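Notes to accompany the following structure.
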Amino acid sequence: MELNYFGKEQKVYYDKLNNGLEVFVVPNNKQDNYHIEVVTKYGSSIKEFIPIGEKNYLKLPLGVAHFLEHKMFDMEDSDAFEFYSKTGTYINAGTNYFYTKYYIDGKKDLKKNFNYLLNMIYTPFFKDDNIENEKGIIAEEIKMYDDEADWILDHESKSNMFYTTVNEKIAGTVDSIKNINKDILKKTYDTFYQPSNMFIVATGKVNYKVISEILKECVALGNMKTNKEIIIKKEKEPVKVLDEYKIIKENIIVPKLTYSYKFDLDKLTSDRLLSRLYLSLVFTHLFGETSKFNEKVLENELAINFYIDHLSFDNIYSFSIEAESEYADLFKDEVDKTLEDIVISQEDFERIKKIWISVVIRSLDNKEHLAYSIVDDIIKDGNIYDQLELINSLKYTDLLKIIDKLDLSNKSFILMIPKDE
Amino acid sequence: MDYKKIKGNNYDIHIINNTKFHTIDCRIYFTENVNYELITYRNALINVLTYATKNYDTKEKLIKKCQDLYSLSPVSSSVRNGNLLTTKFSLSTINSSYIEKNNLIQNIELLKEIILNPLVSNNKFNDKYFNITKRELEMETKTIVEEPRLYANIELLKLIDDNKKIVSGYSDLNILSKMTPESLYNSYLEMINNSKIDIFISGNINNVDEIVKVIKNTFDFHNNCKLSNAIITHNKCHKPNIKEEIKNYQQSKLSIGYKLFNLTDFENRYVSFIFNTLLGGGANSLLMRYIREEKSLCYYINSYSNRMDNILIINSGINKENYDIVLELINEVLDNIKNGKFTLKDLKQSKMEVLYALSNVFESNRNIIEYYYGLNIFNSHDVDTKIKMINKVTKEDIINFANKLNMEGIFFLKGDL
């Protein structure tokens, strides 16, 4: 099936195979290289599930999704990094709260390289001593991030605001990974790496026919058990923030803060995707580069720098401002003042739409960024949309209605101060 | 891809016409002979100039103007490459049938506004944006210590070079404290009047002659400076300078610095890249395979070489108890290379990785401009020559190169948690 990703300027070739695997091929033949991602809709937020063929729930130690990502590179009779080195192809993987992905970037031998990636993913090789060996490596990875103030602040602000889903560290803790073993990895793999729970996004110099043929011919993929129902113990995230205020002490020089707001998308419109877009538009306008808030912060030295961030899952949407500031209280007051009376002119609304269109057009030239955006859309909305149509469908009158409905009292503030204060 | 170099008034215009992208990039490069003070001054300049101009006298107004032209915001940076300092400013506009019109000419004019019509009165920069910039840079330097990986690296550079030549790009607090809106303006005039200046346009340009004419009418500079050789060479080997610092961290950081002596041009341009990739350039490197995968002693261990500075650095995050063993294993890996104990397959794979990195040269307008800038300023070779020369690197070359490394410093940031 042929879909539009950005009007007629960027097509997507889509198919769902009999084994349930979904394929999104987004070709740009002006590019020299290809980028292919194989994604499972399994990330660190899944904490309890019924393994395929069993009746009882299995509660996972923290960090299994990330641990599994590391161990998928093990193969019985070859070494993935060495294989890809032969053609200079880049391979890597990543795990977040909602998915795990494996990807290659290359110029040569697409067929051989993609086929190898599929074989790596669909012929797992779990061995006790390899698993034990990996614990030392991952423990060092966890410790590395645990020493970084921005990382700590990010985790603390999420665990301060959320009860479920994003409240724990993706890689787990040095202690929790000690409990991971072959049996846990295998059961998790068998359940979540079923092709019916996975999808593929290919960008850059790719061709749907070639991708499709490789998928059809891959024996390992053909041998996979699939289309079995996945039962997850789903925790419903309360809309109310967990804690409204918290102070932590770390190895820093300048205090850091995160000020976050949490919203229920279902209270805004009947379409979560549109609600998300409108909220993103509101906060980009109020706190973005061209905002009055930005100018005030600069002028009054309320912060050295600050960033805005958005996070969304199910019916939940959160908006955060992270800042380095010696005047955290004044900064917080300025945020409050900005939100007391939200004014967005029609001219500003149209300008932001224009910027968004420009951002999407730019992403068409960047195969990694494009794949990232498409994966993100599929995870959040289960599908992709014509970005041009979507942005053009936003209406100023609907934006005003959403602004009226916003509950800005549901917020959480976290302050990180130097240890010696 | 069609490349043209045209003489402007004391600068060069480079037009790279290609139909690969939806964007057209305009960039202006100022290249100067570096001195230590200049790094901090240029860091300030790239911020001050992109905050506001005379016609757009607030950040809000300037960025809104950029957005009207589909350019998002101006991008600027200042980077030291050996003995040279490059300060660059760019705008990137969209070329698509889905926007009203092509804004290239207005973008060129806006770039001129940013660079040649700064918010200046009485020969000094506007106090407000000067103070904001100064404070931002001060904090950026002060907070390096909050990032242990970065901190270890910068401290290592201080250990291996006391002449302040091989320095990081961060601002110096003493120089910042003495900087004034007047001194920054004088430094700005020096950059405008004494740099080698290059203007690049890359993208789908259907009116090249008109664009060249617009650039020539828009930009007029007075001088075109002579640049030194970019490459820093070292004459004397030193015993390694070793320093340990204890901080409240869970993981310790080990950074080791090597200087490279008496390299031939071929070694400096090519063998160094292949050697670095083989040693610690990626997931399949000798250091990763031995110290991470086999010995399970770290999550990351990597190396990077800088051909302009003639140095090579190894970085790793380890458990404090493993300092001696990791150091011993790194030496073992290097000794093995010196003794030829690596396979031709290893060498071939390293070459392939470097060749793939080269294939990304033409994947964005930014990379394309950087490539042509390198050809013009650093006398870099073209891609075809590079591919040919990389394929010529032999095992013997790698062994000889390994023997030209001298360990000059070890910085150990010991975590006491």
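Small disclaimer: the values here were computed from a predicted structure and weren't measured. Throughout, a chain's letter reflects where its sequence line sits, starting with A, and its residues are numbered from 1.
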Contacting region of B:Leu297 [heavy-atom separation from chain A under 4.5 Å]:
backbone

Structural part of A:Ile138 lying under 4.5 Å from a heavy atom of chain B:
neither

Donor-acceptor pair, distance only, cut-off 3.5 Å: does the side chain of A:Ser363 make one with the backbone of A:Leu370?
no

Interface residue of largest heavy-atom contact number with chain B, from A:Glu141, A:Lys30, A:Gln31, A:Lys135, under 4.5 Å
A:Glu141

Tell me, side chain or backbone of A:Val359 under 4.5 Å from chain B's heavy atoms, or both, or neither?
side chain

B:Tyr371 ring center within less than 6.0 Å of B:Phe362 ring center:
yes

Determine, step by step, whether A:Phe81 and A:Phe73 satisfy the ring-ring contact (aromatic ring centres under 6.0 Å, His included) criterion, reporting the C-alpha distance in whole Å, the side-chain angles of both residues, the deciding distance to 0.1 Å, and the verdict.
CA-CA 8 Å; A:Phe81 290 115; A:Phe73 284 83; 5.2 Å; yes

Relative to chain B, which segment of A:Asp348 carries a heavy atom at a distance below 4.5 Å: side chain, backbone, both, or neither?
side chain

Check the surroundings of atom CD in B:Glu321: do more than 12 heavy atoms from other residues, nucleotides or ligands lie under 6.0 Å from it?
yes

Looking at A:Lys143, A:Glu9, A:Glu326, which has the largest count of heavy-atom pairs under 4.5 Å with chain B?
A:Glu9

Salt-bridged, A:Lys178 to A:Asp175, with N to O below 4.0 Å?
yes

Under 4.5 Å from a heavy atom of chain A, the part of B:Lys345 involved:
side chain

Of the listed B:Ser364, B:Ser71, B:Ala283, the one with the largest count of heavy-atom pairs under 4.5 Å with chain A is B:Ala283

Does any backbone or side-chain atom of B:Asn360 lie under 4.5 Å from a heavy atom of chain A? Answer side chain, backbone, both or neither.
both

Find the one option among B:Lys61, B:Lys20, B:Arg135 whose heavy-atom pairs under 4.5 Å with chain A are most numerous.
B:Arg135

Ranked by heavy-atom pairs below 4.5 Å to chain B, first place among A:Lys8, A:Glu289, A:Glu134, A:Glu82 goes to A:Glu82

Is the closest basic N to carboxylate O distance between B:Glu370 and B:Arg366 below 4.0 Å?
no

Quick one: of B:Tyr51, B:Tyr299, B:Tyr129, who has the most non-hydrogen atom pairs under 4.5 Å with chain A?
B:Tyr299

Note: vs chain A, highest number of non-hydrogen pairs under 4.5 angstrom among B:Thr277, B:Asn131, B:Thr23, B:Asn248 is B:Asn248

Pick whichever of B:Glu136, B:Gln67, B:Lys348 has the most heavy-atom pairs under 4.5 Å with chain A.
B:Gln67

So, applying side-chain contact (heavy atoms from CB on, under 4.5 Å) with A:Leu153, which one of A:Thr258, A:Ile252, A:Leu257, A:Leu415 is it?
A:Thr258

Ranked by heavy-atom pairs below 4.5 Å to chain B, first place among A:Glu295, A:Glu299, A:Glu324, A:Lys107 goes to A:Glu295

With sequence neighbours excluded, what pairs up with A:Tyr5 under the ring-ring contact (aromatic ring centres under 6.0 Å, His included) test?
none

For A:Val360 against A:Gln387, the heavy-atom pair lying closest together
CG1-CB, 3.8 Å

Going through the distances and angles, do A:Tyr116 and A:Tyr84 end up as a ring-ring contact (aromatic ring centres under 6.0 Å, His included)?
CA-CA 9 Å; A:Tyr116 189 94; A:Tyr84 284 112; 5.4 Å; yes

Indicate the atoms forming the closest heavy-atom contact of B:Tyr70 with B:Asn103, along with that distance.
CD1-ND2, 3.6 Å

Among the options B:Lys59, B:Glu363, B:Lys253, pick out the one with the most heavy-atom pairs lying under 4.5 Å from chain A.
B:Glu363

With a strict 4.5 Å heavy-atom criterion, list every residue of residues 138-154 of chain B that contacts chain A, or say none.
B:Met139, B:Lys142, B:Thr143, B:Val145, B:Glu146, B:Pro148, B:Arg149

For B:Ser92, the side chain to side chain donor-acceptor pair (under 3.5 Å) test, sequence neighbours excluded, returns A:Arg362, B:Asp25

Answer with side chain, backbone, both or neither: which region of A:Lys256 has an atom nearer than 4.5 Å to a non-hydrogen atom of chain B?
side chain

Got a second to check how far A:Leu330's CG is from A:Leu302's CG, nearest 0.5 Å?
6.0 Å

Could you go through A:Phe331 and A:Phe293, starting from their C-alpha distance and side-chain angles, then the distance that decides it, and tell me whether this counts as ring-ring contact (aromatic ring centres under 6.0 Å, His included)?
CA-CA 10 Å; A:Phe331 184 88; A:Phe293 174 84; 5.6 Å; yes

Neighbour count >12 (heavy atoms, 6.0 Å) for atom NZ, A:Lys112
no

Flag the one option from A:Asp105, A:Thr290, A:Ile357, A:Asn294 with the top tally of heavy-atom pairs under 4.5 Å to chain B.
A:Thr290

Here the gap from B:Leu104 atom CG to B:Ile94 atom CD1, rounded to the nearest 0.5 Å, amounts to 12.5 Å

Max heavy-atom pair count under 4.5 Å with chain B, selected residue of A:Asn28, A:Leu388, A:Asn305
A:Leu388

Tightest non-hydrogen contact, residues B:Ile114 and B:Pro74, listed as CD1-CB, 3.8 Å

Within residues 286-295 of chain B, contacts to chain A at heavy-atom distances under 4.5 Å involve B:Arg292, B:Glu293, B:Glu294

